[in-house]
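Here is the structure we will look at.
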Amino acid sequence: MNPLEALGAGPEFSAYALDLIPQEAVVIDRSYTILWLNRAKRLAHPDLEAGMKCHRAFENDAPCHFCLADQAREIGQYVRNPVCILTGPRRNVPRHVNITIAPLAGRLREGTGAGDEPRFLELVDNVEAIYQSHSELERLNHEYENVIYALSHDLRSPLISIEGFLNKIEKILGKPLAEPMAHSLDRIHANVKIMNQLVNVLLDTSRIITGILDLHETDMERVAHEAAERFAAQAAEQGALIEVNGDFKVETCDRVRISQVYANLIGNALKHCSRTKGLKIELGAGNGVYWVRDNGPGIPRDFQDVVFEPFSQGSKQVKESFGMGMNIVFRIMQKHEGEIWLDSNEGRGTTVFFAFKSAPHH
Amino acid sequence: MVDYRQLETILLIEDNEDHIEHTVDALREGGLVNQINVIRDGEQALQYMNREGEFKDPKKSPRPCLVLLDVKLPKIGGFEVLERLKTDEDLKVIPVILLTTTGNKEDIERGARLGANDYIVKPVEFDNFMQKVKGLGKYWALISNLTGQ
């Protein structure tokens with residue numbers, strides 16, 4: 001009896017229907033014996049036939065100790081094992097598949113008195129191609145990172161030379177320099193500095209995109225305090241105050257990257273609120289959500305939608321800003337599978353919130 | 001009286017002519033009078049250190065008291081040069097300061113793992129250089145040249 005017959009369908013119809021399934025499909029009973037194979041399975045494994053043990057048992061010559069059919073019977077519903085690597089004496093090369101096992105018989109638990117022997121439909125999706133393309137993607141990522149690294153090195157090298165020769169020219173000319181000359185040299189210095197910062201941004205962004213997070217249990221309160229301390233002098237110069245308050249937790253995250261999140265957010269607040277008298281920056285936390293809040297001028301409504309996009313410039317008054325800080329912050333949180341969002345009202349300040357995937361609101 | 005330490009040589013292993021010029025300028029402007037020998041690729045650097053080929057004569061190629069090693073070098077890369085120096089029983093005592101253009105964290109960590117004594121992000125500035133030298137026990141060998149001028 002084929003599986004759909006067990007569910008009440010006619011023998012011709014059910015055999016035809018299951019043969020249409022593109023995945024390899026077999027029906028096994030509780031002793032792992034194959035009762036039926038569909039067309040895809042027969043094509044993939046011409047040597048398999050009804051009456052043999054299921055392919056995993058067949059390959060290993062013993063039932064798998066972690067049989068999905070057993071699990072399906074135990075919980076009474078389908079079990080899916082995404083990307084299972086099949087190996088065994090019959091396979092020289094590991095094969096990457098997704099296996100789904102669904103119970104077919106109506107009464108699954110023993111002793112329910114139905115008399116039905118549980119049967120299981122096993123579907124095998126071949127994900128080898130996806131797996132291979134994933135590996136290829138990783139390889140390309142690695143290559144990309146190497147190119148960016150080499151590029152950033154090679155871009156910086158001539159900048160170091162330019163800066164060095166500029167200094168030499170200035171020493172030869174002596175000071176004070178005549179105005180047009182002084183201005184030109186100043187502009188060259190400024191542009192070299194900008195170029196250097198752009199190379200940094202390039203390097204930073206590529207590292208975040210392609211890099212692997214160094215995840216550890218991290219005391220968020222400590223990270224926040226360290227960030228606040230790092231900016232304390234700059235804040236004092238501006239007459240601003242940085243406070244750390246709230247219910248901080250220990251999170252599994254990349255400490256260096258999260259420090260960078262705080263640094264970029266505090267740095268942004270100090271830059272964009274430089275004209276705010278009595279500027280207060282609060283590093284807060286509660287309910288698994290962290291925030292950096294300022295009482296500055298706020299972000300214009302039409303800019304709020306693009307604030308996390310690369311090279312977004314909110315304020316034309318802010319010099320030496322490429323609009324990459326918030327994008328880097330966004331990418332760091334994205335890499336952590338977390339979230340970042342903001343709340344801002346013109347004239348009433350800005351709060352940037354971020355949360356990790358373990359946060360209660362997720 | 002000539003201080004014998006004045007004869008101590010610094011070996012600069014760097015392929016970029018501009019960077020060589022700036023580094024030597026920075027050290028000279030700071031007042032350092034040590035001899036600075038320059039090698040422009042990794043292969044020659046190892047030949048120099050092992051006194052092979054054209055570097056057989058110890059008078060022309062004295063063993064340096066300090067090596068400044070660029071990370072990126074032609075023929076044999078800076079990290080491989082570093083590894084060979086630091087796994088050689090005779091040479092491993094010579095302090096090596098890595099020169100990097102990017103200050104890349106991975107480079108710095110890799111250098112430290114291979115035994116680099118310190119690193120400097122280019123451009124090399126004299127104050128920064130002397131700061132690093134202080135920690136290497138070579139401070140007095142170099143500083144005596146400054147005070148003896």
Side-chain angles (χ1 to χ4, degrees), chain A residues 141-175 188-189 192-193 195-214 216 254-260 263 328 332, chain B residues 12-32 36 38 40-42 68-82 97-113 116 119-129:
Chain A
N141 254 346
H142 188 64
E143 218 165 84
Y144 166 77
E145 194 177 11
N146 285 342
V147 168
I148 296 282
Y149 168 66
L151 194 66
S152 61
H153 176 278
D154 292 349
L155 281 173
R156 186 161 296 163
S157 212
L159 288 174
I160 292 167
S161 297
I162 294 170
E163 187 72 25
F165 285 116
L166 267 179
N167 290 335
K168 207 167 186 173
I169 289 170
E170 283 176 338
K171 276 176 198 150
I172 293 166
L173 293 174
K175 283 194 174 174
I188 299 173
H189 275 301
V192 167
K193 194 175 167 192
M195 190 73 187
N196 246 326
Q197 287 168 332
L198 277 170
V199 174
N200 280 341
V201 165
L202 180 72
L203 199 61
D204 242 12
T205 313
S206 79
R207 272 188 208 145
I208 292 162
I209 294 171
T210 58
I212 296 165
L213 293 177
D214 186 14
H216 293 284
D254 186 323
R255 185 191 178 92
V256 174
R257 294 289 171 220
I258 297 304
S259 298
Q260 196 177 355
I328 287 173
I332 292 172
Chain B
L12 172 61
I13 309 171
E14 166 72 83
D15 65 314
N16 184 312
E17 290 300 329
D18 293 346
H19 294 192
I20 292 170
E21 188 177 330
H22 297 320
T23 305
V24 173
D25 277 358
L27 302 187
R28 293 284 179 242
E29 276 168 27
L32 209 74
I36 302 171
V38 180
R40 290 171 172 79
D41 70 58
L68 297 176
L69 172 65
D70 186 28
V71 166
K72 236 184 156 197
L73 288 173
K75 295 189 184 173
I76 297 176
F79 287 117
E80 192 176 336
V81 171
L82 175 66
I97 296 182
L98 279 188
L99 304 178
T100 151
T101 51
T102 57
N104 181 315
K105 187 179 139 209
E106 285 79 15
D107 279 355
I108 292 162
E109 285 174 358
R110 189 175 168 197
R113 272 201 307 278
Y119 71 94
I120 292 179
V121 179
K122 291 194 269 189
V124 177
E125 283 158 357
F126 183 76
D127 291 346
N128 188 15
F129 169 77

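Below, chain A is the first sequence line, B the second, and so on; all start at residue 1. Excluded from the calculations below are hydrogen atoms, water molecules and symmetry mates; all remaining heavy atoms, backbone and side chain alike, are included.
- Shown here for T101(B) and R156(A), the closest heavy-atom pair between the two residues is O-CD, 2.8 Å.
- Contact of E17(B) with chain A is not made at all, since no heavy-atom distance falls under 4.5 Å.
- Here the side chains of D154(A) and K72(B) are in contact, with some heavy-atom distance below 4.5 Å.
- Remark: E163(A) CD to K122(B) NZ distance equals 14.5 Å, nearest 0.5 Å.
- Listed for the H19(B) side chain is a donor-acceptor partner under 3.5 Å among the backbone atoms of S157(A).
- Residues F165(A) and E21(B) approach most closely at CE2-OE2, 3.5 Å, considering heavy atoms.
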